[in-house]
Engineer: 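Here it is, the structure in full.
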Amino acid sequence: MSFDYSDFGAAAAELLERVRVRSPLIHHITNFVVMNDTANATLALGALPVMAHAKEEVAEMVGAAGALVLNPGTLEPDWVEAMLIAGRRANELGIPIVYDPVGVGATAYRIETAKRFLRELKISVVRGNSGEVGSLAGAGGLVKGVESVEGVADPVAVARSFAGRIGATVAITGKRDILSDGAQVAGVDNGHEMMKLVTGTGCMSTTVVAVFCAVESDRLAAATAALTCYGIAGQEAARVSRGPGSFRAALLDALYALTPKQVEAAAKVARL
Amino acid sequence: MSFDYSDFGAAAAELLERVRVRSPLIHHITNFVVMNDTANATLALGALPVMAHAKEEVAEMVGAAGALVLNPGTLEPDWVEAMLIAGRRANELGIPIVYDPVGVGATAYRIETAKRFLRELKISVVRGNSGEVGSLAGAGGLVKGVESVEGVADPVAVARSFAGRIGATVAITGKRDILSDGAQVAGVDNGHEMMKLVTGTGCMSTTVVAVFCAVESDRLAAATAALTCYGIAGQEAARVSRGPGSFRAALLDALYALTPKQVEAAAKVARL
Amino acid sequence: MSFDYSDFGAAAAELLERVRVRSPLIHHITNFVVMNDTANATLALGALPVMAHAKEEVAEMVGAAGALVLNPGTLEPDWVEAMLIAGRRANELGIPIVYDPVGVGATAYRIETAKRFLRELKISVVRGNSGEVGSLAGAGGLVKGVESVEGVADPVAVARSFAGRIGATVAITGKRDILSDGAQVAGVDNGHEMMKLVTGTGCMSTTVVAVFCAVESDRLAAATAALTCYGIAGQEAARVSRGPGSFRAALLDALYALTPKQVEAAAKVARL
């Protein structure tokens, strides 16, 4: 393990630099609500987004990508099939899959779909809120629509054990983000409460994780750096906004303006 | 009837307070253009949005909701079926349905779909512009795309008689919003002309109506309070914006910042 | 040819005026990512948008439109069929079709679809980036996702010969926009590099071209005026924004505020 999670700012800064230099393509198969925001977040970071969901083309499209986002927030059968086709091809090619189990637990259909994803695909990172990851892990947690209304009691334990069980990095985002690869656990205290008041900020965090996974094969390091950078951008955005509408625009401005130096100075990452 | 429409500000303020306290979940089956905006409007008001349209899950999802929005603005057969499935389940459970007949009158398909909705579902509130409601009510009105290019001649009479006929509250939005439950008629003079220059502001008003219907069973009172609050937010947004792009962000900021006191002071509601 | 491309500012200004007066309806069958932005761009210019994609209604809807936008950015078979149905009807009625070959070259499915469109429809204007038009014309150009990562070597020659071959106006947008109807070639030097950092700015330019085609039958003049106005709005937006998020809002504000006088003064159009 080359990353020191007790002094992680410099590592996160270096990964941000790498994103800007390499400008990876991020293939999204995602929900209708956030497509525009997640595409813009990708561009603001210096990477390239593509949204494509037809079974006719997803296997070919993902072949050009540095990472694949699977976000079944507005799922339906054809889209689920396309996600699986793209996911299998990503697995064959060694392209990381970042999976956002939006609203899992809210309906049986979402739970079944999530189980299929975990069973049929090798996922690199699962990113969800506490209710979603709790539902997915069978560790409690309550989801109302797509919101976590009750989180897991011990997110550190859940993240570590669930990550170990599925062989992926697990990121539970919230006031403190908790991440684990099954062995190590990191906590990120960057971010701002205004993020809860804008739709798609969770989905955007998944996108940011995918961007970083496209340039770093240590998925825990990539995801931790991603959430750190994203959280700092959220803090900056909150300083110049007057509510959720202006915050949404300011968040993209802040992702675009974010410098490695700023990341190094503002990162609040702890090894847990 | 517990609401006094000749001095409605205090009642609207109280309902806004209730929305903030109860934070109801609003299940949307809505069009692609406005999903993001209507989700953000829901959050800005203090409620929770969920967008879900798969026939596999809508009946279950709506069961957790305080209100259901049916907005076939970008309709297609599968979505129409899902709306009917969710709507029937909402009817069984007594969950209010707020229906936005986007662009009805523009094509035969939209007219047929609207007729099915009115025939097969018990709708709580229909919210449309003058051309849409006129087309739906068979009372004149001309729709070009999704815009009302010619309104009904007498909106008060149309709202009242159409509401009586379908057993719902009818809200015709425009410079003056006209609402009726078939007996009483209210007029709301809040709002700003900039709202016509931003896509989805009509759809957002439908969402706001649904949010208020989730906390108040008198649908005329709920819809009137909703359009009052929304209109005041529009006025506030216009004061700090330079055009439709900044207005759109400012509208969400204003919905978020809106206080019951502000509503009480600025409400312009008349009993007609 | 009534337009003088060596002094085009006044002509572009006159067309903008015409858009504001006539307020044409623009029927979009477009991708999920940009629906909201392109609807808002249409409104900001003073025209009316409608998004409708069901096979059940597109032929009827397009009949009321002044132009049809076909943008298969998130294509799937049902949508492609609907685009062809609407396109055939537009051809019958003499309604101009503006086609945006998003990401063509990235997958075989996008290439096949593009070939069908060119074979089965009479297109008025094709608007794409250099990689897309290069791929479509078989003239080189490399597309990564939906981005042009390598343009054509000689855009003037490609635009002219491809336009002549397909009998349409071709617009290759980039730092300098190159447009040709197969005979004349125009270059537009308005615009701002921030536009590359916001998703959908290419799609919005296609929409603006469609708006102008709805009021002017000389497609080269219409498309050139459209890209000039749009580019000037981009320049204005860049002056008041702090990054891609605020730029996106400012671009709509600028399209709304744009005056014919401003266009006449700022137009940078050259006959090539």
Side-chain angles (χ1 to χ4, degrees), chain A residues 23-66 74 76 78-79 82 198 204 233 236-237 240-241 245-258, chain C residues 30-40 51 72-80 102-114 129 131 142-149 194-204 237 240-253:
Chain A
S23 192
L25 181 71
I26 311 302
H27 181 189
H28 290 72
I29 310 181
T30 189
N31 72 71
F32 299 124
V33 186
V34 304
M35 278 195 197
N36 188 276
D37 287 328
T38 54
N40 274 325
T42 308
L43 285 169
L45 273 172
L48 299 177
V50 66
M51 271 62 184
H53 68 282
K55 286 178 275 191
E56 286 76 5
E57 70 169 353
V58 289
E60 187 177 359
M61 189 65 91
V62 77
T74 52
E76 60 178 86
D78 278 352
W79 286 66
V198 179
M204 286 166 81
E236 291 299 311
V240 296
S241 51
S246 49
F247 180 82
R248 180 176 174 239
L251 182 57
L252 292 173
D253 287 352
L255 282 171
Y256 173 70
L258 196 67
Chain C
T30 189
N31 72 72
F32 301 124
V33 185
V34 305
M35 277 194 198
N36 188 276
D37 287 329
T38 53
N40 274 325
M51 272 61 185
T74 53
L75 76 178
E76 59 177 86
D78 278 352
W79 286 65
V80 169
V102 185
V104 77
T107 66
Y109 183 50
R110 292 188 184 229
I111 294 168
E112 282 160 31
T113 301
N129 62 38
L142 193 61
V143 171
K144 190 176 175 186
V146 296
E147 296 290 324
S148 174
V149 290
M194 183 57 81
M195 290 164 124
K196 287 196 65 170
L197 291 164
V198 179
T199 198
T201 49
C203 301
M204 285 166 82
V240 296
S241 51
R242 292 176 305 271
S246 48
F247 179 83
R248 180 176 173 240
L251 182 57
L252 292 173
D253 286 352

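Atom set for the values below is all heavy atoms of this structure, side chains included, hydrogens, waters and symmetry mates excluded. Chain identifiers are assigned alphabetically (A, B, ...) following the order of the sequence lines, protein sequences preceding nucleic acid strands; residue numbering begins at 1 within each chain.
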Engineer: Let's test your reading of the structure: which of A/Ile26, A/Thr30, A/Leu43 forms the most heavy-atom pairs below 4.5 Å with chain C?
Structural biologist: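 Most heavy-atom pairs within the cutoff with chain C belong to A/Leu43.
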Engineer: Suppose a student defines contact as a heavy atom less than 4.5 Å from any heavy atom of chain C. Which residues in residues 59-66 of chain A would they list?
Structural biologist: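 Within residues 59-66 of chain A, the residues that come under 4.5 Å of chain C (heavy atoms only) are A/Glu60, A/Met61, A/Ala64.
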Engineer: C/Pro77, C/Ala249, C/Gly200: which one forms the most heavy-atom pairs within less than 4.5 Å of chain A?
Structural biologist: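 Sorted descending by pairs with chain A, the first entry is C/Pro77.
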Engineer: Answer yes or no: is there a side-chain heavy-atom contact under 4.5 Å between C/Ile111 and C/Val104?
Structural biologist: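 C/Ile111 vs C/Val104: side chains touch.
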Engineer: For the side chain of A/Asn36 and the backbone of C/Val33, is there at least one donor-acceptor N/O pair under 3.5 Å apart?
Structural biologist: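 Checking the backbone N and O of C/Val33 against the side chain of A/Asn36, a donor-acceptor pair under 3.5 Å is found.
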Engineer: Below 30° counts as parallel, above 60° as perpendicular, anything between as tilted: where do the rings of C/Phe32 and A/Trp79 land?
Structural biologist: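 Plane angle between 30° and 60°, so tilted.
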Engineer: By a 4.5 Å heavy-atom criterion (distance strictly below it), what part of C/Ala106 contacts chain A: side chain, backbone, both, or neither?
Structural biologist: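 Both parts, heavy atoms under 4.5 Å.
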Engineer: So, for C/Ser246 and C/Ser241, which heavy atoms are closest and what is the spacing to 0.1 Å?
Structural biologist: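 Distance-wise, the nearest heavy atoms are OG-CB, 3.5 Å.
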Engineer: Using side-chain heavy atoms (C-beta onward) and a distance below 4.5 Å, is A/Met204 in contact with A/Val34?
Structural biologist: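 No, every pair of side-chain atoms sits at 4.5 Å or beyond.
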Engineer: Please find the pair of heavy atoms, one from C/Met51 and one from C/Ala39, that lie closest to each other, and give the distance.
Structural biologist: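 Closest pair (atom of C/Met51, atom of C/Ala39, distance): CE-N, 3.7 Å.
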Engineer: For residues A/Leu251 and A/Val198, determine if any side-chain heavy atom of one lies less than 4.5 Å from a side-chain heavy atom of the other.
Structural biologist: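 Answer no - side chains too far apart.
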Engineer: Heavy-atom distance under 4.5 Å to chain C: side chain of A/Thr38, backbone, both or neither?
Structural biologist: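 Neither part; nothing is under 4.5 Å.
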Engineer: Does atom OH of C/Tyr109 have more than 12 heavy-atom neighbours, drawn from other residues, nucleotides or ligands, at distances under 6.0 Å?
Structural biologist: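 Counting other residues, nucleotides and ligands, OH of C/Tyr109 exceeds 12 neighbours.
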Engineer: Rounded to the nearest 0.5 Å, how far apart are NE2 of A/His53 and CG of A/Asp78?
Structural biologist: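 So the NE2 of A/His53 and the CG of A/Asp78 are separated by 8.5 Å.
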Engineer: Specify which of C/Gly73, C/Gly145, C/Gly103 makes the most heavy-atom pairs with chain A at under 4.5 Å.
Structural biologist: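 It is C/Gly145.
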Engineer: Under 3.5 Å, is there a donor-acceptor pair between the side chain of C/Ser148 and the main chain of C/Gly131?
Structural biologist: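 The answer is yes, because a donor-acceptor pair under 3.5 Å joins these two groups.
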Engineer: Could you have a look at C/Arg110, C/Met35, C/Glu76, C/Lys144 and say which one has the most heavy-atom pairs with chain A under 4.5 angstrom?
Structural biologist: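 Looking at each option in turn, the highest pair count goes to C/Arg110.
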Engineer: Need one label for C/Arg242: side chain, backbone, both or neither, based on atoms under 4.5 Å from any heavy atom in chain A.
Structural biologist: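 The answer is both parts of C/Arg242.
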Engineer: Is it the backbone or the side chain of A/Leu25 that comes under 4.5 Å from a heavy atom of chain C, or both, or neither?
Structural biologist: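 Looking at A/Leu25, backbone and side chain both touch chain C.
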Engineer: Go through the atoms of C/Asp37 and report whether side chain, backbone, both or neither lie under 4.5 Å from a heavy atom of chain A.
Structural biologist: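 The answer is the side chain of C/Asp37.
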